[in-house]
Amino acid sequence: MADKKEKKEEEKGEEKEKKKEIKEISDLPGVGAAAAEKLKDIAIVDLMGVAIADPKELASAGLTGKIALEIIKAAKNALNMGFEPAENIEKRRKKIGKISTGLKSFDDLLDGGYERGVITEVYGAFGSGKTQLGHILAIVAQIEDPKAEIFFIDTENTFRPERIRQIAKGMGLDPDQAMNNIRVARAYNSDHQMLLVEKAEELIANKKHNVRVIIIDSLTSHFRAEYPGMGTLAPRQQKLNKHMHKLLKIADKYNIVVFLTNQVMANPGMMFGDPTTPIGGHIVGHNSTFRIYLRMGKKNSRVAKLIDSPNLPNGETTFYIEEGGLKDV
Ligand code: ADP
Ligand code: MG
């Protein structure tokens, strides 16, 4: 009991420290511009310098006695020096590296969720739930980071504000706020789609938007429609390659989750197993770091299967898509 209380108080204290946002020496309580200047003279130029300083050293900069001790303590706190449970680090790393899918079991399949800095592709038949996963991601990203903005490039005119509101409500997020953080662009053809990605990069680079997720639903529909037949395959693939390279670059540079959906086509050459193959061939496959195959399961459930991940075992998980989000079977 006492331990718990202490821990809570400790956490409260830490929160207070964070609120002050001590980033440099002059942010420390009791250190004015003059004192900061004097500290520089004795080669103490940053918080770490203060944190490891001897109180006597600080005295020579005019910071004496209790004040010196308090300043050193504040610097140590600001730097979060000290021991913390390894579990905290693990949690933090996971949080930095991934955005939840909206369901624990699905997250487990992906070792924590959709990875930042790379491309995740979800492919599957019409009605398998790809667009739903995109909508859900747009909500979860905001729950994890209320300042996160989401760029949604809609190529099939299937973005639905009412679904955003429903899912937000289901997951406990204010629907108006959820809508505010999502920017939608309708792409009218593949050139336009590529242009929108360049525009997105410009807006992100100018820091006009704090974009944490880019969704393209779907990546391939325009390309497929505009380049039918074998004769046009080479130029289509070249263009798709360029498009995906750009997306990968943006993902990597700005630590963004890029989430793409993709359709499937019947594979006439395949005699056994699931006769469906994602559009885009090797180009799309190679540029997608994570590929998830989504299909209908029993009783209206969905089965998500991880395909050829670089660092995770292949596996699958089953869930329901409901009005308020994903639900375990
Ligand atoms: P895809 O993009 O793969 O073609 P969708 O993401 O559009 O497929 O999935 C459509 C399916 O999502 C519907 O058939 C239905 O099962 C489910 N769905 C859509 N809206 C809702 C809702 N409000 N409540 C529950 N399920 C929904
Ligand atoms: Mg769709």
Side-chain angles (χ1 to χ4, degrees), residues 99-103 105-106 109-110 114 119-141 150-173 175 178-179 182 184-190 192-193 196 213-226 240 247 257-267 274-280 284-285 288 290-307 316-329:
I99 296 181
S100 170
T101 58
L103 193 72
S105 57
F106 195 0
L109 180 73
L110 302 176
Y114 302 119
I119 291 175
T120 298
E121 172 204 353
V122 175
Y123 70 87
F126 176 78
S128 58
K130 306 178 294 292
T131 296
Q132 303 305 311
L133 291 188
H135 282 62
I136 291 164
L137 170 59
I139 300 299
V140 175
I150 294 91
F151 278 0
F152 198 116
I153 298 177
D154 180 12
T155 75
E156 297 173 330
N157 203 15
T158 50
F159 177 80
R160 291 290 175 274
E162 56 269 33
R163 277 302 281 142
I164 292 296
R165 287 186 182 278
Q166 280 174 349
I167 297 161
K169 221 172 139 197
M171 301 194 83
L173 184 70
M179 292 286 286
I182 303 171
V184 187
R186 177 83 202 279
Y188 291 97
N189 56 46
S190 64
H192 187 212
Q193 184 177 326
L196 284 170
V213 177
I214 296 176
I215 295 165
I216 305 187
D217 183 22
S218 89
L219 172 75
T220 46
S221 53
H222 285 314
F223 290 90
R224 189 186 194 185
E226 290 163 30
L240 253 178
L247 286 163
V257 166
V258 171
F259 177 97
L260 310 174
T261 68
N262 189 12
Q263 298 148 326
V264 290
M265 56 181 176
N267 183 350
D274 201 327
T276 48
T277 304
I279 308 289
V284 174
S288 301
F290 294 95
R291 304 195 96 179
I292 298 162
Y293 175 38
L294 199 60
R295 63 179 166 84
M296 295 293 293
K298 280 180 205 152
K299 290 186 192 155
N300 216 25
S301 66
R302 265 57 179 194
V303 182
K305 182 176 185 182
L306 187 63
I307 311 277
E316 58 179 43
T317 184
T318 307
F319 49 80
Y320 290 114
I321 296 172
E322 299 201 329
E323 183 171 313
L326 300 180
K327 210 187 130 202
D328 274 311
V329 170

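Just follow the structure's listing: the first ligand is 1, and inside any ligand the first atom is 1. Starting from 1, each residue takes its place in the sequence as its number.
For the side chain to side chain contact (heavy atoms under 4.5 Å, CB included) with Ile279, the qualifying choice from Leu219, Val284, Thr220, Leu240 is Thr220, the only one to do so. The only member of Phe152, Phe151, Tyr114 that meets ring-ring contact (aromatic ring centres under 6.0 Å, His included) when paired with Phe259 is Tyr114.
Counting backbone and side-chain atoms alike, Thr158 contributes no N/O/S atom closer than 2.8 Å to the Mg ion (ligand 2).
The closest side-chain donor-acceptor pair between Glu156 and Gln263 falls under 3.5 angstrom. Side-chain polar atoms of Asn262 and Ser218 form no donor-acceptor pair below 3.5 angstrom. Between the side chains of Ser301 and Thr318, no donor N or O sits under 3.5 Å from an acceptor N or O.
With rounding to the nearest 0.5 Å, the separation of CD1 in Ile167 from CD1 in Ile136 is 5.0 Å.
When heavy-atom distances to ligand 1 are checked against 4.0 Å, the residues falling inside are Ala125, Phe126, Gly127, Ser128, Gly129, Lys130, Thr131, Gln132, Arg163, Gln166, Arg302, Ile321, Glu322, Glu323, ordered by chain and number.
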